[in-house]
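Side chains included, hydrogens not; waters and symmetry mates left out as well; all remaining heavy atoms used.
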Amino acid sequence: MQDAQGTAGEDGSAPDPHADVTPAPAPAPAQDEGLTPNARRRIFWPAAAVILLFVVVTLVFTDAVSDAMATLQRDVSAWFGWYYILLVAVFVVFAIWMGVSRYGDIVLGRDDDEPEFSAPVWFAMLFATGMGIGLVYWGVAEPLSLYIHPEPGVEGSDATLAKYAIAQSYLHWGIHAWAIYVVVGLALTYAIHRKGRPVSIRWALEPLLGDRVKGRTGDVIDIVAIVGTVFGVATSLGFGVLQIGAGLDYTGVAHNSTGLQMVLIAFITGIATLSVASGLGKGIKWLSNGNMGAAAILMIVVLILGPTLFLLQNFVQSIGYYLSNVLRLTFDTTAFQGEAGAQWQASWTTFYWGWWISWAPFVGVFIARISKGRTVREFVAGTLLVPTVVTLLWFAVFGGSALHRQIFSGDPIVGSDGVVDTDTALFDVVGKLPAGSVWVGMAILLVATFFVTSSDSGSLVVDMLASGGEPDPPLWSRVFWAILQGLVAAALLLAGGLSALQTAAILIALPFSIIMIGMLVATVRAFRDEHAAIVRLERDLVRERLATHVTERVAAQMDRRWNEYFGVGAAIAAPTRSRRVRGRARGVKPSDTAGEPPSDG
C-alpha cells in the first residue's frame, strides 16, 4: 500500500493507466506557493493589529472590558453550549474512524520518509505542548471542585460524588480533548508533508476550497487561526501565572498580587523568548523533555508517598466508571437544570471545549511540524490514545490524593465554607507529603517550565502562520509574538482573572470551529480521493502482472509444443507416420517399411 501511494496525483486524481506504473515518491514540500512575499502585509500585520487593539482597549477600559467579558461568557455559553458539545462528539467519532479505517496506511509524508523524532521524544513534545500547564493547574483543582460543587442534579454519597468528579475530569481532558487536536493536526500533517504545502492552516482546506485558499479567503482563515492561537496560549499562560503566584505566596516567598503576576509574566516571557530564538531542535525540545521528566517524577512521588493502594484502586475503578458513563457525559447539556446548569456548563464543559478548540491551530500546527513520516494510524494512536492514558493516570493520582484527604482524613483541603482555591490546590496536596517544601518548589518550577514551553512553541507556530508557512521565520518576528502573547495574558488577567480567561477561550473557539468543520470535510475528501487512486493503481498493477503471467505461460506451452511438432524430433517422426498412413492405404504392413530409410515423401 505504501509503495503505491506516491503515484497518486497531487490533487488526488487517479494515475494514468498507460503511464509508467513505477511508484513515485510524494512531492517535496513547496516553499511558498506564491504567498510568502506578501504574507506580512496580508496576514502578519492584520492579525497583530487585532490582538494589539484588544490589549490597548483592555488596558485603557479595564472595567468595561471586564463587564463585557462576563456578559459574553453567559450569552455565548447559553446559546452555543449545545453546539460545542455536539461538535466535539463528532470530532471523537471522526478521529477514531481515521485510526481504524482503510485510510490508516496512508503515509503523512513521502513513502520512504522516516519520523524525524523518536517515539518517546515525539510524545514528550506533543504532550508538553498540548496540555502540560493545564494539567498541572487542574490536576488537583478540578476533581476537588467537581466533588465539592458537582453538576446541578448530581447527588449521592461521598463515594458517588468522588467517582463522578474523576469521570467528569476524564471527559474534559481525555479522548475528547485530543480528538479536537487530531482533526487539525491530521489535516495539516497531510497537507504539509504529503502534499508538499507550506505550514499554514489554509492549505488543510485546499481539497474543499481549491485555489481560493491562495486568496483573501485563505488570509481570513490564517488570521482567525493566529488570533485564536494567541488567545488560547495566553489563557494557559494566565493559568500558569495564577498558580506560580499562589505557589510563591504559599511558600512565603512573595505576596500574591496583580503586580506580582505582571512581573512573572514579564520574566517568564523573557525566558520563553530566549527559548524560541534557539529553535525547535534545541530549546523547545530540551524543555519538553525536561518537563515530562519532572512531571513524571512529581507524579511518582505523590503516588509513592501518598495513599498508594487507594490511588491504584482509584485509577482502575475510575476507568471503568468513565467508560460506562462516557456516552451520557459526552451529550450532557444540563438542559433540565435551568440557569444553574447553564452557568455550570460555562465554567466547565463549554469552557473546556472552547479552550481546546482555541488551542487546536497551535497544537495542530506543532504536531504537524513534528509528525512527518508517520502513518495516519500511528498519528491517531500516538495523538489520541497515549496522551489520554497518561492524563487519566495523572488525574487518578493527583485528584485521587485530594479526594482521599478530603473524605478520609481529619485535615480536609476544603473547609466548611466550601471554597476551593484552585490556585493553591496542588500545593495543598504536595505540601503535606514528607519533605513537602521540596515538592512545592518542584511544582512551581514545573509550572514555570510548562509556561515557557507553551509560550515558545506557541510563538514559533504563530510566526510560521503569520509568515505564510515559512518553517524558519526570522528571529525578530518570533520575539514579537512571544512578547505579544505575554501582553494578552496580562490583559486577560487585568480584565477579570480566571473568568476572563475562560471567556476568551469560549469566544475565540466559535469562529475557528467553523474552520475545523471544513478541515474535517476536506480531510475525508482528500483521503477518499487518494485511496481511490491507490485502488485504481493496484488494479492496474494486478492486470499487468496477470497479463505477464498469462503471456509467460502461453509462451512456455508454445515452446514445448513447437519442439514436439516442429522441432528436430518432429522432422524425423512426421515422414514415418506419413509412410505408415500411405502403406495402410496400399495394403502394406507397417513392418514392411520399418527398415526403409527416411524419404522426402
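- Within the 4.5 Å cutoff, the side chain of Thr349 has no heavy atoms near those of the Glu151 side chain.
- Looking at heavy atoms from C-beta onward, Leu493 lies out of side-chain contact with Thr258 at the 4.5 angstrom threshold.
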Apply side-chain contact (heavy atoms from CB on, under 4.5 Å) to the pair Val184 and Val363, showing each step before the final yes or no. CA-CA 8 Å; Val184 179; Val363 179; over 6 Å; no

Do Val419 and Val414 pass the side-chain contact (heavy atoms from CB on, under 4.5 Å) test, and can you show the C-alpha distance, the side-chain angles, and the key distance before you say yes or no? CA-CA 6 Å; Val419 176; Val414 181; 5.7 Å; no

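- When atom types are taken as modelled, the side chain of Trp356 and the backbone of Trp178 share no donor-acceptor pair closer than 3.5 angstrom.
- In summary, the aromatic rings of Phe231 and Phe54 are positioned with their centroids under 6.0 Å apart.
- Residue Met98 holds its CE atom at 7.0 Å from CG of Leu186, rounded to the nearest 0.5 Å.
- Residues Phe395 and Ser318 fail the side-chain proximity criterion, which asks for heavy atoms closer than 4.5 Å.
- Contact detail for Ala491 and Val55: the closest heavy-atom pair is CB-CA, 4.3 Å.
- Within the 3.5 Å criterion, the main-chain N or O of Gly240 finds no donor-acceptor partner in the side chain of Gln243.
- For Trp353 and His176, the distance between ring centers is under 6.0 angstrom.
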Under the criterion side-chain hydrogen bond (donor to acceptor under 3.5 Å, both in side chains), I'd like the reasoning laid out for Asp423 against Tyr137: C-alpha separation, chi angles, the key distance, then a yes or no. CA-CA 7 Å; Asp423 295 338; Tyr137 186 88; 2.5 Å; yes

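- Gln261 is listed as a side-chain neighbour of Leu242, based on a closest heavy-atom distance under 4.5 Å.
- For the atom pair Arg405 CZ and Phe310 CZ, the distance stands at 14.0 Å (nearest 0.5 Å).
- Residues Ala495 and Thr58 approach most closely at CB-CG2, 3.8 Å, considering heavy atoms.
- No donor-acceptor contact under 3.5 angstrom links the side chains of Thr383 and Tyr181, judged on distance only.
- Looking at Phe398 and Val302, their side chains come closer than 4.5 Å, going by heavy atoms from C-beta outward.
- Ser347 places no side-chain N or O within donor-acceptor distance of the main-chain N or O of Trp344, the cut-off being under 3.5 Å.
- Judged by distance alone, the side chains of Ser66 and Asp63 never bring a donor and an acceptor atom under 3.5 Å apart.
- Leu311 contributes atom CG, which lies 11.0 Å from atom CD1 of Ile304 (distance to the nearest 0.5 angstrom).
- Here the shortest heavy-atom pairing between Ala179 and Ala95 reads CB-CB, 4.0 Å.
- Gln343 places none of its side-chain heavy atoms less than 4.5 Å from the side chain of Gln337.
- Distance NZ/Lys163 to CG/Leu403: 12.5 Å, rounded to 0.5 Å.
- Side chains of Ser157 and Thr160: a donor on one and an acceptor on the other come within 3.5 Å.
- Distance CZ/Phe80 to CG/Leu510: 5.0 Å, rounded to 0.5 Å.
- Using a 3.5 Å distance cut-off with no hydrogens or angles, the side chains of Tyr147 and Asp158 do pair a donor with an acceptor.
- Between the side chain of Thr375 and the backbone N or O of Glu378 there is at least one donor-acceptor pair closer than 3.5 Å.
- A side-chain N or O of Gln168 and one of Tyr164 form a donor-acceptor pair less than 3.5 Å apart.
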Apply the test side-chain contact (heavy atoms from CB on, under 4.5 Å) to residues Val90 and Leu520: give CA-CA distance (whole Å), side-chain angles for both, the deciding distance (0.1 Å), then the verdict. CA-CA 10 Å; Val90 172; Leu520 187 151; 4.2 Å; yes

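- There is a side-chain donor-acceptor pair under 3.5 Å between Tyr352 and Trp173.
- In this structure, the side chain of Trp122 does not engage the main chain of Phe117 through any donor-acceptor pair within 3.5 Å.
- Put simply, the side chain of Asn325 gets close to the backbone of Tyr321: a donor and an acceptor are under 3.5 Å apart.
- A heavy-atom distance below 4.5 Å is not found between the side chains of Leu260 and His255.
- Checked by atom type and distance alone, the side chain of Thr308 pairs as donor or acceptor with a backbone atom of Leu303 at under 3.5 Å.
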Does the side-chain contact (heavy atoms from CB on, under 4.5 Å) test come out yes or no for Phe450 and Leu135, once each step is laid out? CA-CA 10 Å; Phe450 271 128; Leu135 276 180; over 6 Å; no

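- In this structure, Gln406 contributes its side chain and Pro412 its backbone to no donor-acceptor pair below 3.5 Å.
- Ser459 and Gln485 form a side-chain donor-acceptor contact under 3.5 Å, judged by distance and modelled atom types alone.
- Trp138 and Ser169 are not linked by any side-chain donor-acceptor pair at a separation below 3.5 angstrom, with hydrogens and angles left out of the test.
- Residue Ser401 forms a side-chain contact (heavy atoms from CB on, under 4.5 Å) with just one option from Val429, Leu433, Asn314, Val430, and that option is Val429.
- Using modelled atom types, one finds a donor on one side chain and an acceptor on the other under 3.5 Å when comparing Ser513 with Tyr83.
- Across Leu248 and Ile444, no two heavy atoms sit closer than the pair N-CD1, 4.0 Å.
- Inspection of the Trp355 and Thr235 side chains reveals no N or O donor paired with an N or O acceptor under 3.5 Å.
- Without hydrogens or angle criteria, Trp439 side chain to Pro434 main chain gives a donor-acceptor distance under 3.5 Å.
- In this structure, Thr330 contributes its side chain and Val326 its backbone to a donor-acceptor pair below 3.5 Å.
- Under the 4.5 Å side-chain criterion, counting only non-hydrogen atoms from C-beta, Phe512 is in contact with Pro361.
- Listed here is the closest heavy atom pair of Thr189 and Gly185: OG1-O, 2.6 Å.
- Judged purely by distance below 3.5 Å, without hydrogens or angles, the side chains of His404 and Ser409 never pair a donor atom with an acceptor atom.
- To the nearest 0.5 angstrom, Tyr170 atom OH is 11.5 Å from Thr388 atom OG1.
- Taking each heavy atom of Ile85 and Gln345 in turn, the nearest pair found is CD1-OE1, 3.9 Å.
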